[in-house]
Protein chains: 2
Amino acid sequence: MAADPLSRVFAALADPTRRDMVARLAVTDATVGELAEPYDVSVQAVSKHLRVLEDAGLVSRSRDAQRRPVHLEAEVLDLMTKWIERYRRQAEERYRRLDDVLAAMPDDTSDTPTTPQGGNPS
Amino acid sequence: MAADPLSRVFAALADPTRRDMVARLAVTDATVGELAEPYDVSVQAVSKHLRVLEDAGLVSRSRDAQRRPVHLEAEVLDLMTKWIERYRRQAEERYRRLDDVLAAMPDDTSDTPTTPQGGNPS
DNA sequence: GCCATCGTCAACCAGATGGTTGACAACACC
DNA sequence: GGTGTTGTCAACCATCTGGTTGACGATGGC
């Protein structure tokens, strides 16, 4: 199983049923039965989905008699947002710089052989 | 295979190797060989990863002689950010409203038997 | 034309995933 | 105590996934 937290969160949300559960849990807490109701699968399957979400830290389950109210832990979503935004912004930045380079360039762009991008330090 | 675009993007980024590729592609375009170099897997495996990223719309491949430069298509990341932020904000909103309710509540909170609201600092 | 290079395709394999059904634990209600 | 409700566990199954190796298409350099 995916060890790192980020992979678990991404994987958990890669399933439409689980995303729908998260969407509904954003509105209000719910029991397993309530969550299962709209889907055409067994309660056991829903329970499995919840386990995946719980392992990813996206939900927590408490106890109320026989019922297990499920609660959305939205903070984990920040993890993803931070990751995504970091690289989106980086890519954007790159375009901006490319535009600058092109703007500053004289018109003799006759030879642009293989990899026009210069230093690759990393 | 996952039909809906959002599932494909989430699934694509659920793998650490693919996330690393995206991170590197945010800096600069690269060929398949260049991308494969740091990882201890075959070039074929990397090619498969790229296919997953491409199916998710995260990268595009052009052609330069025998080489296939890979380019990050960062716009798709917005899809995810929008989904995530929507529900994170919704959940936050819910807490805010709950706080209002609690604040407006009289003090006879004598019986709150079910969930003591303890910290679950995962 | 011939060869080296870059990358993909195809077949295969082990392990994860999402679903099923059946059994059972925990609890409320009578 | 017996019964119904709620949810989990276990076993099983089909499919997907990430990796491998081997063959081969596409292209540039000689």
Side-chain angles (χ1 to χ4, degrees), chain A residues 1-22 24-25 29-56 58-71 111-115, chain B residues 1-22 25 29-56 58-71 111 113-115:
Chain A
M1 199 168 292
D4 64 300
L6 207 43
S7 293
R8 277 201 293 262
V9 184
F10 276 114
L13 293 181
D15 184 281
T17 302
R18 286 195 292 261
R19 277 203 307 282
D20 192 61
M21 288 181 183
V22 168
R24 291 167 59 206
L25 288 169
D29 292 2
T31 66
V32 177
E34 287 165 358
L35 281 171
E37 198 260 319
Y39 313 121
D40 197 22
V41 297
S42 64
V43 180
Q44 289 94 321
V46 171
S47 187
K48 278 195 182 182
H49 280 307
L50 285 172
R51 187 140 165 64
V52 174
L53 290 172
E54 191 176 27
D55 285 347
L58 278 162
V59 306
S60 61
R61 286 184 275 188
S62 48
R63 177 158 269 287
D64 168 26
Q66 320 97 304
R67 259 152 275 126
R68 308 291 312 274
V70 181
H71 176 77
D111 64 319
T112 42
T114 47
T115 43
Chain B
M1 198 167 292
D4 65 300
L6 207 42
S7 294
R8 277 200 293 260
V9 184
F10 275 113
L13 294 181
D15 184 281
T17 303
R18 286 196 291 261
R19 278 203 308 281
D20 191 61
M21 288 181 182
V22 168
L25 288 168
D29 293 1
T31 67
V32 177
E34 287 165 358
L35 282 171
E37 198 261 318
Y39 313 121
D40 197 22
V41 297
S42 63
V43 181
Q44 288 94 322
V46 172
S47 187
K48 277 194 184 182
H49 280 307
L50 285 172
R51 187 141 164 62
V52 174
L53 289 172
E54 190 176 27
D55 285 347
L58 278 162
V59 306
S60 61
R61 287 184 274 188
S62 48
R63 180 158 266 287
D64 168 27
Q66 319 98 305
R67 259 152 276 124
R68 307 292 313 273
V70 181
H71 176 76
D111 62 319
T114 52
T115 47

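Hydrogens, waters and symmetry mates play no part in the numbers below; they use all other heavy atoms, side chains included. Chain A is the first sequence line, chain B the second, and so forth, proteins listed ahead of strands; every chain is numbered from 1. Just so it is clear, the model here is predicted, and its values are computed rather than measured.
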[X] has an atom [atom1]; how far is it from atom [atom2] of [N], in whole Å?
X: A:Gln44; N: C:dG18; atom1: CD; atom2: C1'; answer: 13 Å
X: A:Glu54; N: D:dG7; atom1: CD; atom2: P; answer: 14 Å
X: B:Arg68; N: C:dC6; atom1: CZ; atom2: P; answer: 15 Å
X: B:Phe10; N: C:dT17; atom1: CZ; atom2: P; answer: 17 Å
X: B:Asp55; N: C:dT8; atom1: CG; atom2: C1'; answer: 14 Å
X: B:Arg67; N: D:dG28; atom1: CZ; atom2: P; answer: 9 Å
X: A:Leu50; N: D:dT6; atom1: CG; atom2: C1'; answer: 13 Å
X: B:Asp15; N: C:dG15; atom1: CG; atom2: C1'; answer: 14 Å

Supply the atom-to-atom distance [X] [atom1] to [Y] [atom2], rounded to the nearest 0.5 angstrom.
X: A:Met21; Y: A:His49; atom1: CE; atom2: NE2; result: 5.5 Å
X: B:Leu35; Y: B:Arg68; atom1: CG; atom2: CZ; result: 13.0 Å
X: B:Lys48; Y: B:Arg18; atom1: NZ; atom2: CZ; result: 11.0 Å
X: B:Leu25; Y: B:Ser60; atom1: CG; atom2: OG; result: 9.5 Å

Choosing from [options], which nucleotide comes nearest the side chain of [X]?
X: B:Lys48; options: C:dA11, D:dG7, C:dT20; value: C:dA11
X: B:Val41; options: C:dC6, D:dG19, D:dT8; value: D:dG19
X: A:Arg63; options: D:dG18, C:dA26, C:dG22; value: C:dA26
X: B:Ala45; options: C:dG7, D:dG19, D:dG7; value: D:dG19

Distance check: side-chain N/O of [X] vs OP1/OP2 of [N], anything under 4.0 Å?
X: A:Ser42; N: C:dT20; value: yes
X: A:Ser47; N: D:dG7; value: no
X: B:Arg18; N: D:dG18; value: yes
X: A:Arg61; N: D:dG7; value: no

### Message
Classify A:Thr31 by what it touches in the nucleic acid, base, sugar-phosphate, or nothing, heavy-atom distance under 4.0 Å.
### Response
sugar-phosphate
### Message
If you compare all heavy atoms of B:Ala14 against all heavy atoms of A:Ala11, which two are closest, and at what distance to 0.1 Å?
### Response
CB-N, 3.5 Å
### Given DNA chain C, 5'-ward residue of the pair B:Val46 and A:His49, judged by closest heavy atom
B:Val46
